[in-house]
Structure formats: C-alpha cells, structure tokens
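Let me begin by presenting the structure, written as structure tokens, before commenting on it.
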Amino acid sequence: MNKDTITLTNNRDAKSYEFPILNATVGPSVVDISTFYKETDMFTYDEGYTSTASCRSSITYIDGEKGKLMYRGYDIAYLAKKKTFLDTAYLLLNGELPNKEELDNFSFEMQKRSFVNEGVKNLFDAFPDHAHPMAILSAGVSALSAFYYKHLEINTKEEYKEMANRIVAKIPTLAAFSHRYSNGLPIIYPDMNRGFTENFLYMLRSYPHNYVELKEIEIKALDTIFTLHADHEQNASTTAVRNLASTNAHPYAAISAGIGALWGKSHGGANESVIRQLEMIGSVDRVDEFIAKAKDKEDPFRLMGFGHRVYKNFDPRATILKDIRNELMHELGISSELVDVANKIEEIALSDEYFISRNLYPNIDFYSGLILQALKIPKEMFAVIFVIGRTPGWIAQWSELNKQKTIKIARPRQLYTGPNDRTPEY
Ligand code: CMC
C-alpha cells in the first residue's frame with residue numbers, strides 16, 4: 001500500500017477508499033479529496049474551512065502553535081524591524097526582496113501613480129457627509145475599473161506589474177480621500193516628495209497651506225502596521241479575493257470584494273472594537289468588573305483584542321506592535337485614562353489563570369487599535385488602514401491563482417436541509 005495515502009472506510013457498506021497525501025514544504029500535509037464525490041457519492045462537510053486547505057500557495061506561512069508568520073519565507077519580525085512596508089509589498093508582489101535600485105524604482109512608481117483620475121472626485125462628491133470611509137473606499141476601488149477599462153485584461157508580466165503598482169499606489173490616496181469626504185474636509189493631493197506611508201499620513205492630517213508636522217516614530221509605527229497586515233494566508237477577505245479571481249474577475253472587482261469582507265466586525269473591524277470597549281470601560285477602577293464579565297460563562301461579553309483562532313501561544317504581530325506602542329507613547333508623551341485602562345487589562349489578562357489556561361494573549365488588534373488612536377486616526381478609518389496594508393497580499397494571491405495552468409471556479413457544494421420535491425401536479 002502507498003504510505004502517502006489515507007484510507008477511509010465507509011462503515012455503512014464497509015467499502016474503503018484511498019486518498020493521496022500531499023506534503024507541504026513546511027507545516028501540515030493535506031489529504032487530496034478532489035475525487036471524493038466521484039468515488040463515494042458523498043460530499044465532505046467543513047463549515048468555516050476549519051480543516052480544509054482551499055488552495056496551494058507559496059506566499060505566506062503561519063505556524064499558530066509556535067507563533068510564527070513568514071511572507072515568502074521571511075520571518076515577520078525581520079521584515080518589520082529591518083525592512084519597510086514597500087520592501088514587504090515588493091516581496092509579496094514579486095517573490096523576492098528588492099535591491100536598492102529596485103526599491104528606488106518601486107518607490108518612484110508609487111509616487112508617480114499615487115494620483116487618481118479627477119473624475120473619481122466627482123463620484124465621491126455624491127456621497128453624503130459621514131458616509132463610512134469603507135463604503136467610499138470600496139466604491140472608489142470598484143470605480144478604478146471604469147477608469148482603467150482598457151487595462152482589465154492581465155496576461156503579461158508587464159501588465160501584471162502595471163496593475164499591481166497602480167492599485168497599491170492609489171489605495172492610500174483613495175483611503176485618505178474617503179476620510180476627507182466622509183468628514184467634509186478639503187482633500188489633500190499626494191505629495192510626490194514624500195514616501196509611501198508619510199504621504200498617506202500627510203493626506204489624512206494636513207490642511208491646504210497648513211502642513212501638520214509628522215514625527216519619524218509616527219511614520220514608523222504606521223509603516224509597521226502596514227507590514228504586519230500585508231498578508232495572512234487564506235483569511236476571509238483573501239478567500240473572497242480568490243473566489244472572485246477563480247471566476248476570471250479582474251483585480252479591481254476582486255479587491256473590492258476583499259474590502260467588503262474585511263469590513264466585517266469579525267475581521268478588519270476588531271481593532272475599532274478594542275477602542276470602543278476601552279472607552280466603554282472608561283476608568284481603571286472598572287477594569288475588574290469587566291474582567292469578571294469576560295470570565296463569566298453566562299455573560300457573552302468578550303475582551304476585545306484577546307485570543308486568536310490560529311495563534312495559540314502568542315500572536316507574533318502583537319509582540320512587535322507592543323514594542324512600537326511603548327516607543328510611540330513614550331516619544332509622544334501620551335498618557336490618558338484609556339491607556340491606563342488598556343495597561344491594566346493587559347496586566348491582569350497576562351497573569352490571570354482564566355486567560356493563561358485558554359491561551360488568550362493580546363492579539364494584533366489590541367495594540368494596533370491603541371497605536372492608531374495615538375496617531376489621531378479616527379476609529380472608522382481603522383479598517384481602511386488594514387485595507388492599505390493588505391492590498392499587496394490580495395494582489396499577490398489574485399496573481400498566484402491566475403498563474404495556475406488550470407483554474408477551477410470556486411464552487412463549494414452543500415448539505416441540503418430543505419424540503420424534498422413539493423411541486424403539485426400541474
Ligand atoms: N475574552 C474572554 N474569553 C474568551 C475570549 C475573549 N476575548 N476569547 C476566547 N475566550 C474563551 C471562550 O469563552 C472559550 O472559553 P471556554 O473554553 O471556557 O468555553 C475559550 O476562550 C475558547 O474560545 P473560542 O471562541 O473557542 O476561540 P476561537 O479560537 O474560536 O476564537 C476569537 C478566536 C479571536 C474569535 C476569540 O478569541 C475572540 O472573540 N476574541 C475577541 C475578538 C478579537 O479580538 N478578534 C480579533 C482577532 S485577531 C484578527 C486577525 O488576525 O486579523
């Protein structure tokens with residue numbers, strides 16, 4: 001018998017079936033069940049894909065037990081500490097880290113492509129004040145396909161590069177515009193003399209003829225947040241992007257779908273919930289009461305920013321952001337009741353038996369929420385920031401799928417639980 005197989009026996013009729021095991025370069029192997037239905041006349045059932053690999057990918061690797069995250073084989077801590085978001089974006093999009101010349105060219109591409117067609121502004125004018133910036137951003141990205149309708153077919157390496165650079169460069173501009181329009185503020189055009197992350201903060205915070213000073217640590221903190229969000233394997237929004245790619249949809253439509261998925265509270269909205277919860281707790285002397293609520297089985301209350309489906313020892317992204325948060329708070333001299341509440345919760349959770357025994361460590365959202373708050377970025381923009389970081393990952397995943405020799409349209413099956421044929425004679 002081939003050892004690299006799994007044998008399944010159907011106990012209803014004692015028939016056995018063999019399925020091949022495919023090895024990963026690192027991490028769990030998978031059982032190839034693509035012939036399962038044909039052979040057994042049954043589907044497999046795995047709601048939420050908890051045991052299902054939906055694709056082959058060489059982009060990102062996560063080991064949840066060891067708290068390890070790698071993009072293209074590079075550890076996240078190395079990328080966050082020694083490289084910039086643009087290095088990381090280049091790595092995801094092209095497979096290799098850029099050398100100096102490649103990085104300079106990429107950076108110039110980002111600057112030169114950062115402007116959006118003036119027509120986009122007319123579109124944004126139609127949104128009411130206080131429209132959620134994610135609504136404006138997803139419409140903006142979708143609209144880019146109308147402005148670049150001649151470039152929707154991506155067949156060559158050059159076409160891919162142009163599309164990838166265009167989208168990564170324009171997302172921060174659309175993101176900043178979404179904030180300005182949502183708040184009825186005058187828009188600030190990109191400044192070609194600024195780097196990628198600095199330019200975004202500049203478009204977000206400045207006023208015409210009144211440039212707001214940006215500190216190095218602020219740019220570094222936001223750049224690190226972008227890097228840490230740049231990809232995360234087959235999460236919900238990436239799966240949405242891949243599902244669209246499998247239908248042959250163009251990348252603008254796919255990314256717009258990714259933005260929709262990311263908007264959900266259980267995905268990109270968690271860091272906003274962290275700050276809302278800290279504000280609701282309000283003062284240090286109420287922390288014990290909320291810790292007790294979080295531990296109470298009868299109470300649905302959960303401490304936002306704690307726990308993770310995949311990382312069961314620690315979230316490597318949180319470890320990096322914790323240092324950045326400390327540095328940022330120290331340099332900006334930030335102290336507030338909200339920060340004290342956060343510190344107290346963190347201290348209790350890291351020493352309390354309930355949290356330790358369930359591996360409930362602070363996750364990336366706990367620290368990113370606090371950092372974005374310190375950067376004076378409004379809560380509704382937190383998910384938008386996530387989109388900017390995640391865009392290179394989405395494009396890399398879209399492209400990986402498109403490079404496959406044969407593309408299978410994503411088309412899961414179901415366990416039907418509705419009525420059988422009820423059609424009357426007619
Ligand atoms: N506060 C209090 N108790 C918790 C929490 C929490 N935040 N998270 C999990 N638990 C408890 C849960 O009640 C359960 O207890 P018991 O074993 O006694 O029944 C145990 O821990 C395991 O919980 P689970 O729901 O089975 O764990 P999960 O892996 O399905 O959920 C999670 C992971 C992230 C959805 C969950 O921890 C949670 O809701 N956290 C708060 C929301 C949050 O911070 N989300 C952001 C996650 S990071 C996003 C990203 O990577 O992009």
Side-chain angles (χ1 to χ4, degrees), residues 24-30 46 48-55 57-81 88 92 224-239 261-262 264-275 277 291 294-295 302-326 342 345-372 382-383 385-386 389-390 393-394 397:
T25 45
V26 54
S29 306
V30 304
D46 181 19
Y49 300 111
T50 52
S51 292
T52 298
S54 60
C55 63
S57 183
S58 61
I59 301 173
T60 291
Y61 174 73
I62 301 174
D63 183 334
E65 297 304 319
K66 294 194 183 126
K68 196 168 180 60
L69 168 62
M70 294 189 295
Y71 300 157
R72 306 264 190 207
Y74 290 97
D75 193 89
I76 192 66
Y78 167 73
L79 294 170
K81 287 178 187 162
T88 306
L92 287 168
T224 309
I225 287 184
F226 287 157
T227 298
L228 298 178
H229 284 93
D231 200 45
H232 212 226
E233 210 223 56
Q234 305 311 318
N235 54 82
S237 57
T238 302
T239 300
L262 198 84
K265 281 200 199 88
S266 311
H267 194 2
N271 49 9
E272 182 178 338
S273 311
V274 168
I275 298 298
Q277 192 171 83
I291 293 277
K295 289 159 65 170
R302 283 193 167 195
L303 269 193
M304 298 311 289
F306 285 81
H308 199 276
R309 170 60 64 82
V310 179
Y311 297 117
K312 290 305 177 198
N313 275 319
F314 63 93
D315 179 342
R317 305 164 303 170
T319 315
I320 297 160
L321 279 194
K322 181 176 179 170
D323 290 346
I324 296 272
R325 179 206 57 175
N326 293 344
I345 292 177
E346 185 185 3
E347 185 192 310
I348 296 179
L350 289 174
S351 57
D352 187 295
E353 168 57 21
Y354 174 91
F355 293 91
I356 294 173
S357 63
R358 289 169 180 76
N359 298 319
L360 299 174
Y361 301 93
N363 58 44
I364 185 171
D365 293 309
F366 183 70
Y367 297 111
S368 66
L370 290 165
I371 290 173
L372 295 174
F382 288 8
I385 302 282
F386 195 155
R390 186 54 56 87
W394 284 335
Q397 302 268 356

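Small disclaimer: the values here were computed from a predicted structure and weren't measured. Every heavy atom of this structure was used, including side-chain atoms; hydrogens, water molecules and symmetry mates were not.
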(request) For side chain to side chain contact (heavy atoms under 4.5 Å, CB included), just list the numbers for Asp315 and Phe366, CA-CA rounded to whole Å, side-chain angles, deciding distance to a tenth of an Å, and then say yes or no. (result) CA-CA 11 Å; Asp315 179 342; Phe366 183 70; over 6 Å; no

Once you round to the nearest 0.5 Å, how far does [atom1] of [X] lie from [atom2] of [Y]?
X	Y	atom1	atom2	answer
Thr224	Ile320	OG1	CD1	8.5 Å
Asp231	Ile76	CG	CD1	9.5 Å
Asn359	His308	CG	NE2	13.0 Å
Arg302	Lys295	CZ	NZ	15.5 Å
Asn271	Leu372	CG	CG	6.0 Å
Leu92	Arg72	CG	CZ	6.5 Å

Is the backbone of [Y] close enough, under 3.5 Å, to the side chain of [X] for a donor and an acceptor to pair up by distance?
X	Y	answer
Glu233	Leu69	no
Asn363	Gly307	yes
Thr60	His232	no
His267	Ser237	yes

Closest heavy-atom pair and its distance - [X], [Y]:
X	Y	result
Leu262	Ala383	CD2-O, 3.7 Å
Asn235	Arg390	ND2-NH1, 3.1 Å
Tyr71	Ala230	OH-N, 3.3 Å
Leu303	Ala294	CG-CB, 4.0 Å
Lys312	Tyr361	O-CE1, 3.9 Å
Leu360	Phe306	O-CD2, 3.6 Å

If you define the side chain from C-beta out and look only at heavy atoms, does anything of [X] sit under 4.5 Å from [Y]?
X	Y	answer
Pro362	Leu350	yes
Tyr61	Thr25	no
Glu272	Phe386	no
Gln397	Gln234	yes
Asp365	Phe382	no
Ile385	Phe226	yes
Ile364	His229	yes

(message) Among Arg317, Lys68, Glu65, which residue satisfies the side chain to side chain contact (heavy atoms under 4.5 Å, CB included) criterion with Tyr311?
(response) Arg317

(request) Might you confirm whether atom OH of Tyr354 has over 12 heavy atoms from other residues, nucleotides or ligands at distances under 6.0 Å? (result) yes

(request) Please lay out, stage by stage, how Thr238 and Trp394 fare under the test side chain to side chain contact (heavy atoms under 4.5 Å, CB included). (result) CA-CA 6 Å; Thr238 302; Trp394 284 335; 3.6 Å; yes

(request) Given side-chain hydrogen bond (donor to acceptor under 3.5 Å, both in side chains), test Thr50 with Asp46 step by step and report yes or no. (result) CA-CA 6 Å; Thr50 52; Asp46 181 19; 2.9 Å; yes

(request) For the pair Tyr74 and Tyr78, name the ring-plane relationship: parallel under 30°, tilted 30 to 60°, perpendicular over 60°. (result) parallel

(request) Go through Ile275 and Leu370 one step at a time and tell me if the side chain to side chain contact (heavy atoms under 4.5 Å, CB included) criterion holds. (result) CA-CA 7 Å; Ile275 298 298; Leu370 290 165; 4.2 Å; yes

